[in-house]
S.K.: 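Sharing a structure, written as structure tokens. Questions coming.
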Amino acid sequence: MATTAVHGGARNAVSDSLTMIGRSIRLSRRNVDTLVMSIVLPLLMMSLFVYVFGGAINTGTQYINYVVPGIILLCTGYGAASTAMSVADDMTSGMIDRLRTLPIRSSAVLTGHVTASVARNLLSTTVVIGAAIAMGFRPDAAVTDWVQAAGLLLLYVLALSWLAAGLGVIAKSVESASTLSFLMLFLPYLSSAFVPTNTMPSFLHAVSENQPITPVIETVRGLLTGTPIGTTGWIALAWCVGLLTCSFIFAARLFRRRTHG
Amino acid sequence: MIVEATGLHKAFGSTKVLDGLDLHVAEGTVLALLGPNGAGKTTTIRILTTLLRPDVGTVRIAGYDVVREATKVRGVISMTGQSVALDDQQTGRENLVMIGRLMHLGRPAARRRATDLLERFDLVDAMDRRVKTYSGGMRRRLDLAMSLVSQPRVIFLDEPTTGLDPSSRTTMWDAIKDLVSSGTTIVLTTQYLEEADRLADRIVLINGGRVAASGTTDALKSQVGGDRLDLRFAVEADVARAAALFDAPRGTDPLVLGIPSDGSAEHLHRVLDDLRLAGVPVVKVSSHRPTLDDVFLSLTTTDRTSVQI
């Protein structure tokens with residue numbers, strides 16, 4: 001058939017991914033409820049922490065300067081949860097069968113969802129930072145600090161999005177995908193996102209000091225407020241790279257197993 | 001034979017779904033897989049379309065092995081499953097263009113192909129509306145159009161009209177007939193005997209994971225016998241006398257006797273004359289033509305013996 005080009009090869013893999021990225025971004029843009037929630041919810045959380053709890057929490061600085069990185073990571077968790085749900089939707093509807101019976105690498109569907117997830121997070125993070133500045137957030141960071149913070153957050157978002165994609169692949173339904181991704185929403189609370197960890201009971205203190213979110217938050221906070229970060233930056237980087245590698249392999253292997261017949 | 005499946009076995013855990021199924025489809029023909037729920041129709045389709053591997057057995061589509069040469073098979077087939085595979089938040093046109101792009105048509109070619117298909121399936125007025133606003137019939141048509149973007153040689157349709165109202169069903173049938181006239185090979189599953197009767201050149205009846213019967217619709221119908229006259233009597237004694245008179249076996253209904261007929265008026269006259277002469281009063285006469293339902297029931301309710309016609 002003349003109209004069907006030769007399949008396989010790197011160029012086609014890139015072209016398939018671009019097509020699926022375009023699709024996922026279009027779907028995100030039109031799924032207005034989810035999009036609005038992914039922006040409104042972090043703003044609500046930020047207002048809640050700054051204006052309601054913040055007065056009672058002593059961090060040694062202006063609370064808003066303390067809490068912004070935590071809010072950004074929290075909203076990443078929400079973004080990732082919706083990624084898990086869209087992946088689960090494709091895996092449990094007829095869409096995955098349609099893609100699998102085309103002569104393409106059907107995992108391009110995951111690339112599409114993950115990229116759209118990163119784009120959504122980019123948008124909500126920008127809005128959160130803008131709103132934070134309006135609420136009195138005064139970052140003290142050079143351009144290089146901003147670039148480093150953005151790079152680390154990008155790695156973190158990518159890692160979480162691939163993890164969410166993997167959860168979406170194993171979920172038996174859209175509802176169970178949203179339940180599975182609950183952990184990602186919960187972890188930021190057990191970190192230094194909202195309160196200094198030394199105020200927690202000793203076992204929680206140990207958990208929160210040694211989970212990936214704390215070093216990421218500490219690094220972003222240090223970079224944005226112009227305080228020294230020491231080795232925390234490297235620990236955060238190692239966590240993000242490790243998490244990204246694991247969650248990518250996790251998602252890819254599960255996808256292969258689930259679609260292998 | 002563009003589709004050749006031999007000795008397919010498939011089990012999920014301890015549940016045997018396919019138990020030595022064979023299937024052959026000649027290029028340019030329509031084959032209907034007919035069978036009760038759980039007979040193995042969908043599993044068969046999933047194996048033929050590379051979605052599922054058989055435990056035992058081989059399938060070749062256009063000469064390519066579905067397991068070892070899955071990508072080549074995917075280049076010549078397309079599948080429309082039971083659940084409609086469309087993005088509700090994309091328009092009809094966007095859905096089609098997306099598949100075109102995945103088939104590596106350039107953007108202009110993908111758009112042209114989408115427009116052609118939208119015209120062909122009478123969806124032009126709705127093409128820039130999101131699919132979530134489409135009716136059930138429109139979704140099915142768009143779903144079928146999605147399968148045609150790649151211009152496949154073999155199309156698999158898993159219950160293409162289940163859940164559609166009669167008029168949408170007729171529209172789907174017309175669309176499928178159009179495909180056949182353009183030389184596409186079609187394998188479809190259905191629970192509707194009328195659908196198989198209308199569309200298929202050959203019917204394969206599956207029961208318990210194997211072929212219970214196969215052949216043309218006419219051949220299958222003649223297998224359960226020709227026309228029949230059903231005579232209803234007032235009392236059982238009359239049924240017994242009539243049974244002796246025509247040497248016909250008693251059926252399940254104690255007041256009804258079925259006798260073979262050629263369907264002619266002359267035969268009916270003769271039967272009524274014979275009954276009057278013998279003094280057996282008959283209450284009611286109806287003539288019965290076998291349908292695919294009879295074939296279906298007689299083959300799926302009895303046993304699993306295989307009948308090849």
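Heavy atoms only: backbone and side chains are in, while hydrogens, waters and symmetry mates are out. Each chain gets a letter, A, B and so on, in the order the sequences are listed, and its residues count up from 1.
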S.K.: Which bit of Arg30(A) is near chain B, if near means a heavy-atom gap under 4.5 Å: side chain, backbone, both or neither?
M.R.: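 Both backbone and side chain of Arg30(A) come within 4.5 Å of chain B.
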
S.K.: With respect to chain A, which residue among Met79(B), Arg101(B), Gln90(B) yields the maximal number of heavy-atom pairs within a distance under 4.5 Å?
M.R.: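 Among the listed options, the one with the most contacts to chain A is Gln90(B).
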
S.K.: Answer with side chain, backbone, both or neither: which region of Ile47(B) has an atom nearer than 4.5 Å to a non-hydrogen atom of chain A?
M.R.: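 Neither part, no heavy atoms under 4.5 Å.
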
S.K.: Go through the structure and list residues passing side chain to side chain donor-acceptor pair (under 3.5 Å) with Thr44(B), not counting sequence neighbours.
M.R.: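 For Thr44(B), no residue satisfies side chain to side chain donor-acceptor pair (under 3.5 Å) once neighbours in sequence are set aside.
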
S.K.: Let's test your reading of the structure: which of Pro54(B), Gly81(B), Ala85(B) forms the most heavy-atom pairs below 4.5 Å with chain A?
M.R.: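 Of Pro54(B), Gly81(B), Ala85(B), Ala85(B) has the most heavy-atom pairs under 4.5 Å with chain A.
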
S.K.: Of the backbone (N, CA, C, O) and the side chain (C-beta and beyond), which part of Thr49(B) lies under 4.5 Å from a heavy atom of chain A, both, or neither?
M.R.: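 Both the backbone and the side chain of Thr49(B) come within 4.5 Å of chain A.
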
S.K.: Describe, in one word, how the ring planes of Tyr189(A) and Phe49(A) are oriented to each other, choosing from parallel (under 30°), tilted (30 to 60°) and perpendicular (over 60°).
M.R.: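 Tyr189(A) and Phe49(A): tilted rings.
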
S.K.: Before giving the answer on side chain to side chain contact (heavy atoms under 4.5 Å, CB included), spell out for Tyr156(A) and Val220(A) the whole-Å C-alpha distance, their side-chain angles and the decisive distance to 0.1 Å.
M.R.: CA-CA 11 Å; Tyr156(A) 177 77; Val220(A) 173; over 6 Å; no

S.K.: Chain B heavy atoms under 4.5 Å from Thr101(A): which part of the residue, side chain, backbone, both or neither?
M.R.: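 For Thr101(A), the contact with chain B is made by backbone and side chain together.
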
S.K.: Salt-bridge test for Asp158(B) and Lys41(B): reply yes if a basic N is under 4.0 Å from a carboxylate O, no otherwise.
M.R.: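 Not counted as a salt bridge, because no side-chain N and carboxylate O are separated by less than 4.0 Å.
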
S.K.: Give the C-alpha distance, both sets of side-chain angles, the deciding distance and a yes or no for side chain to side chain donor-acceptor pair (under 3.5 Å) between Thr50(B) and Arg74(B).
M.R.: CA-CA 8 Å; Thr50(B) 76; Arg74(B) 288 169 189 156; 2.9 Å; yes

S.K.: Just so I know, are the side chains of His9(B) and Leu18(B) near enough to count as touching, which here means a heavy-atom distance under 4.5 Å?
M.R.: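 Not in contact.
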
S.K.: At a heavy-atom separation under 4.5 Å, does Asp143(B) approach chain A through its side chain, its backbone, both, or neither?
M.R.: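 Both backbone and side chain of Asp143(B) come within 4.5 Å of chain A.
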
S.K.: Which bit of Leu99(A) comes within less than 4.5 Å of chain B, counting heavy atoms only: side chain, backbone, both or neither?
M.R.: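 For Leu99(A), side-chain heavy atoms alone lie under 4.5 Å from chain B.
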
